[in-house]
Enquirer: 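So that we are looking at the same thing, I have put the structure below in structure tokens.
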Amino acid sequence: MKFSNLLFNSLKESPKEAKIVSHQLMLRSSMIRQHTSGIYTWLPLGFKVLKNIENIVRYNQNKIGCNEMMMSTIQSSDLWKKSGRYSDYGKEMLRINDRHDNELLYGPTNEEVITDLFSDYVNSYKGLPKYLYHIQWKFRDEIRPRFGVMRGREFLMKDAYSFDLDHESAVETYKIFFKSYLQTFIDLGLQPIPVKAATGAIGGDLSHEFQIIAKTGESELAYDPELVSQNLLNKSYEEITSMYSASDEMIDKNRSNVVIGRGIEVGHIFNFGTKYSLPLECYVLNNEGKKVFPHMGSYGVGVSRLTAAIIEAFHDENGIKWPFNISPFKINIITSTHGSNNEVAEKLLEKLTLKYGNVSYDDRDLGMGRKIKDSELIGIPWSIIIGKNYEENKQLEITNRSNGEKSFLTESEVESFKFEQYTP
RNA sequence: CGGGGAGUAGCUCAGUCUGGUAGAGUGUCUGCUUUGGGAGCAGAAAGUCGCAGGUUCGAGUCCUGUCUCCCCGACCA
């Protein structure tokens, strides 16, 4: 992608409404634009990031046998009346009446819809367990949206739902999702802290939040320092959950040897048994021909929130520092003197794009300083400057966004350079 | 919903107290210069001052109403 084709307009100053760094940087780098309170347009750069995160989440869900599907954003109120949540959910739920005066709502979550759907499609215990998910926009009419996409009203969420024959197997499923979530957040370059959670409006008896440590996080955290010093992927569910962690009002103030911090909740998993299968009459026949109500769980990841959380984790005074696999562009080619190196840049753009997918070339007629500043602001992992060093001795200057290290390579060396070996 | 603040150019803001032709910086556009860290000079375009009423010869400014946005608290991915 050439910058001349990109809808992009960097801001030197932060719009005044942005209070936290991720919101400021997302506005300054043309990732998002606010449409109205808590509702945003995702501009090309932001949308690329969102898709990249979504794909990492998707990959990990598919890996555990979860079926991707797509449920509607608008739902009918009748299922919610059956589950009892039409009244329980309160003003957070955006309610809409259609022209026939039927009561509709913009889905804040999908337990009702998926349970109803599942009961139509699976009638035998042989169809269990089943995992289903979608990545869809949700709407919750937050009392006070804030911090940009961190707490928007409209947000993109991956929500998965599991159906198991009994409590025991539902708990096994819960553990599978638990481990998969750790892997997902680690793949996103983050250090997740699983925290035992209150179950809130979703209900249930077993629930964990996945928190990312950040000064600007909305939750207060207290946790065993061992949780962040060890590779959680090598530990069992039991080992991990035996380590202390708690958030907000669940924190035991008398406990010592804990780290106190703040976190951003990027995932939340629930096991809630038959809370929805019973009222919605979702059942299968067991091996004795008797009705059994599946034990369910739901598993959410805040995809749009993750864009902000990752920026909170990876930035410096010059801008964002995207992890390689999340960055909107992996490499940014910059030319200095106008015109003279365009052909070299275009060829390189073509070759690197074939290899890495999203690569950009800043072909704007602007000074070098401005282009470098924009590259740093956007947070592109690598920049390749084709300038003085190229004209003098055919060297390309490769700069690492994270540590600022520069190397000078020939064109063929650049082609074999391991750009993917980058940490933010 | 309670408490606080703000709506004036794409962005950051001045002007409002004390009514009298709509301002600055930055960004944008044009030309020349420049070309390794948001560069310089000259010129230009750009706002029905959130909206609706009212007072007045005259309202960005005063009065009334209204909408929106932001911040602090209680809910949530």
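Convention: sequence-line order gives letters A, B, ...; per-chain numbering from 1.
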Enquirer: In the structure shown, which nucleotide is the Watson-Crick or G-U wobble counterpart of B/G65, with both distances under 3.5 Å?
Expert: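 Looking at the geometry, B/G65 pairs with B/C51.
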Enquirer: Evaluate the criterion ring pair (Phe, Tyr, Trp, His ring centres under 6.0 Å) for residue pair A/Tyr161 and A/Phe118; output intermediate values, then yes/no.
Expert: CA-CA 10 Å; A/Tyr161 302 88; A/Phe118 190 83; over 10 Å; no
Enquirer: So what does A/Glu209 hit on the nucleic acid, given a heavy-atom distance under 4.0 Å: a base, only sugar-phosphate, or nothing?
Expert: nothing
Enquirer: For A/Arg28, report the nucleic acid contact type (base, sugar-phosphate, nothing); a contact means any heavy atom under 4.0 Å.
Expert: base
Enquirer: Indicate, with a heavy-atom threshold strictly under 4.0 Å, whether A/Val303 touches base, sugar-phosphate, or nothing.
Expert: nothing
Enquirer: Would you mind classifying the nucleic acid contact of A/Ile385 as base, sugar-phosphate or nothing, using non-hydrogen atoms under 4.0 angstrom?
Expert: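 Counting heavy atoms under 4.0 Å across all strands, the contact made by A/Ile385 includes a base.
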Enquirer: Less than 3.5 Å between a donor and an acceptor, one on the side chain of A/Arg146 and one on the base of B/C71, is that the case here?
Expert: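 Side chain to base: no pair below 3.5 Å.
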Enquirer: Which is true for A/Ser14 with a 4.0 Å heavy-atom rule: it touches a base, it touches only sugar-phosphate, or it touches nothing?
Expert: sugar-phosphate
Enquirer: Measure from the side chain of A/Ser336, starting at C-beta and using heavy atoms only, and say which of B/G36, B/C70, B/A77 lies closest.
Expert: B/G36
Enquirer: Just checking A/Glu397: base, sugar-phosphate only, or nothing, at a heavy-atom cut-off of under 4.0 Å?
Expert: base
Enquirer: Have a look at A/Lys158 and say if it touches a base, only the backbone sugar-phosphate, or nothing, with a 4.0 Å heavy-atom cut-off.
Expert: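 It contacts nothing in the nucleic acid.
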Enquirer: Say we look at B/G60 and B/U21: how far apart would their P atoms be, to the nearest angstrom?
Expert: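 After rounding to an integer number of Å, I get 10 Å for this pair.
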Enquirer: Taking only the C1' atom of each, what is the distance from B/U61 to B/G73 in whole angstrom?
Expert: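 The answer is 34 Å between these two C1' atoms.
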Enquirer: When you look at A/Tyr299 and A/Phe178, which way does the ring pair (Phe, Tyr, Trp, His ring centres under 6.0 Å) test go after all the steps?
Expert: CA-CA 9 Å; A/Tyr299 315 87; A/Phe178 184 98; over 10 Å; no
Enquirer: Taking all heavy atoms of A/Gln136 and all of A/Met71, pick out the closest pair and write down the distance.
Expert: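 Smallest heavy-atom distance, with atoms named: NE2-O, 2.8 Å.
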Enquirer: Would you indicate what A/Gly152 reaches in the nucleic acid, counting non-hydrogen atoms under 4.0 angstrom: base, sugar-phosphate, or nothing?
Expert: base
Enquirer: Could you tell me whether A/Phe419 and A/Phe324 have their ring centroids closer than 6.0 angstrom?
Expert: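 So the answer is no for these two rings.
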Enquirer: Salt bridge (charged side-chain N to carboxylate O under 4.0 Å, His left out) between A/Glu111 and A/Arg85: does it pass, once the steps are laid out?
Expert: CA-CA 10 Å; A/Glu111 280 82 5; A/Arg85 285 207 293 182; 2.9 Å; yes
Enquirer: Remember a base hit wins even if backbone is also touched, and classify A/Lys19 as base, sugar-phosphate or nothing at under 4.0 Å, heavy atoms.
Expert: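 Sugar-phosphate only.
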Enquirer: Using the C1' atom as the point on both nucleotides, what is the distance between B/A22 and B/A14, in whole Å?
Expert: 12 Å
Enquirer: Hey, does A/Glu265 reach any base, or is it just sugar-phosphate, or nothing, if we go heavy atoms under 4.0 Å?
Expert: sugar-phosphate
Enquirer: Which base sits across from B/U30 as a Watson-Crick or G-U pair, both distances under 3.5 Å?
Expert: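 Paired with B/A42.
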Enquirer: Could you give the distance separating B/G47 and B/G10 at their P atoms, to the nearest angstrom?
Expert: 8 Å
Enquirer: Please classify the nucleic acid contact of A/Gly267 as base, sugar-phosphate, or nothing, using heavy-atom distances under 4.0 Å.
Expert: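 Sugar-phosphate, backbone atoms only, no base.
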Enquirer: Hunt down the Watson-Crick or G-U wobble partner of B/A9, both distances under 3.5 Å, from any strand shown, or write none.
Expert: none
Enquirer: Can you tell me how far P in B/G23 sits from the matching atom in B/A9, rounded to whole Å?
Expert: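 One P to the other, the span is 14 Å.
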